[in-house]
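By convention in this document, chain letters (A, B, ...) are assigned in the order of the sequence lines, proteins followed by strands, and residues within each chain are numbered from 1.
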Amino acid sequence: MKKKLFGYVCVSLITIAFVFGVFTLFFKESKELEDISYHADNYVYSYEELKEYSQIIALIEVMDNLNKKNSEELVSQGYTVGCIARRQVKVLKYFKGERNYGNILTILEPASIIKNQYIHPEDYEKLEKGSKHLVFLSDDTATGELSLMSAYNRTFDIDNLNDIDEYYDLAIKSVVEYMTDLPVEQKDEVISADEIIKSNNVKNADVQTEILGAEHDMALYLEINADGKIAVQIIE
Amino acid sequence: MITITKNYISKKSTMLLLVAVIITTLMFQQTSIAAKYNVFKGGFSSGSITVTYIDGSERLCKSAYKKWNKISSKVKLTKGNHSASRRIATSFNKIKAPTAGKLGVTHLSKGGVKVDTSSRWDTATCIQYVNSKLDTHDKRLKTCVHEIGHALSLAHPKRSVDSIMNQGVSSNNNIQGYDKSALKSKWGK
């Protein structure tokens, strides 16, 4: 009886220690990450170039978290010459390149977790597990693997379009082209617009449309001005 | 006697007020300079820095770092080796871009540990990647000069201005007026 009780106590203690250990390790890794942002020089693609040079344009859902295992530091003679991560994504819809690739892709992103440091370019936020993005991917990389093009906002988090500041015009043009049911003429009008302005107050919307495939109901209001400028408001 | 004291106090107060105004103006000027030019909070401990190359083009390395000399009397870049206490290590036109569209990058570290742009660093590793968009010597040199600018604490400009620190491809690899002023605001004249 005493032996049995002793056994139960031991098993319980080991289980508690194991759970505590796993929790501590997980918490430690996520809590103690030091944020290291660096400056990089990227090619600034126009919308037409993004479409032309990408092998894939797709709506994807991120399947994993950025972690030490999927991160890689590229080193030459003791110096860091690149930091990347290989991320698993599920393609929800292809807009370009469907024939050559499957539904699960491994893509490179310019961020990594190495030695408890989260290393990323300035203004670039790592892909979060479960988030949906409209992405432009190219295999013009050192290893020939697919990667996000130019990193900076060439991935558009479709559920948080209002948070996009830089390259907002590219985000709206791609969302209008691939994720709305607008007639071709209206899409062309947006794509060829000289300027797209983020607005909180589109009073006289010339065009109103739903954003397809977003997590929540999202509507796009467009006010097309005579001078080629388009004011945009996105309402959830 | 009372009049003399009053005059004395009045003069003393005026002087104090004047000094306060001058100090406030100078502080404002410093703040506005910092806001005018986008520079990193961190940087090398001194502008006397050794440039060494990891691999790739030595010619590009030499042409790029020399452009940053003779702008500020506090910044002097000279060719040296990997053991220097403050060094810029370059890899120009050797490694293919790991991700699409990337032209160059600068990683900063101190004692072998990566640091961010608000810290003090002793090593800056500047890379200009092999990229089909950089198809001429002038375009490659622009990226090399840009990356060394980062090593010297210059950030990407936040406003529209002619600058070598703007992102993207350009055949113009000359350091612009904005860049010279930004370097001086960081390091001194």
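- Under 4.0 Å is where a charged nitrogen must lie from a carboxylate oxygen, and between A/K187 and A/E189 no such pair does.
- Contacts between A/Q55 and chain B at a heavy-atom distance below 4.5 Å are absent for every atom of the residue.
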Self-check item: Verdict with supporting geometry, B/I95 and B/S91, side chain to side chain contact (heavy atoms under 4.5 Å, CB included)
Solution: CA-CA 8 Å; B/I95 301 164; B/S91 171; 3.5 Å; yes
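- Contact of A/L137 with chain B is not made at all, since no heavy-atom distance falls under 4.5 Å.
- Only the side chain of A/I84 comes within contact range of chain B, with at least one heavy atom under 4.5 Å from a heavy atom of that chain.
- The aromatic rings of B/H146 and B/H150 sit perpendicular to each other, their planes meeting at more than 60°, with 30° as the lower class boundary.
- In this structure, OG on B/S72 lies 9.5 Å from CG on B/L152, to the nearest 0.5 angstrom.
- Partners of A/E177 under the salt bridge (Lys or Arg N to Asp or Glu O under 4.0 Å) rule, at least two apart in sequence or in another chain, are A/K51.
- Residues of residues 125-135 of chain B placed with any heavy atom under 4.5 Å of a heavy atom in chain A are listed by number as B/T125, B/I127, B/Y129, B/S132, B/K133.
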Self-check item: Worked check of side chain to side chain contact (heavy atoms under 4.5 Å, CB included) between B/I49 and B/Y65
Solution: CA-CA 10 Å; B/I49 302 156; B/Y65 85 72; over 6 Å; no
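- With a 4.5 angstrom heavy-atom cutoff, A/D139 does not touch chain B via any of its atoms.
- Among residues at least two apart or in separate chains, side chain to side chain donor-acceptor pair (under 3.5 Å) pairs with a member in residues 83-98 of chain A are A/D64-A/R87, A/E72-A/R86, A/R86-A/E145, A/R87-A/E109, A/Q88-A/T106.
- Proximity to chain B is absent for every atom of A/T143, based on heavy atoms less than 4.5 angstrom apart.
- Heavy atoms closer than 4.5 Å to chain A are found nowhere in B/S118, neither backbone nor side chain.
- Ion pairing of B/K142 with A/D41 is present here, as a side-chain N (NZ or NE/NH1/NH2) and a carboxylate O approach within less than 4.0 Å.
- Heavy-atom contacts from other residues, nucleotides or ligands closer than 6.0 Å to NZ of B/K96 number more than 12.
- Ring pair B/Y53/B/F92: centre-to-centre distance not below 6.0 Å.
- When each of B/K94, B/M165, B/R87 is checked for heavy-atom pairs under 4.5 Å with chain A, B/R87 comes out on top.
- Rounded to the nearest 0.5 angstrom, B/N172 CG and B/D162 CG are separated by 8.0 Å.
- Using cut-offs of 30° and 60° for the angle between ring planes, the B/W121 and B/F44 rings count as perpendicular.
- Environment of CG in A/D163: crowded, with over 12 heavy atoms of neighbouring residues, nucleotides or ligands closer than 6.0 Å.
- Of residues 74-82 of chain B, those residues with a non-hydrogen atom less than 4.5 Å from any non-hydrogen atom of chain A are, in numerical order, B/H82.
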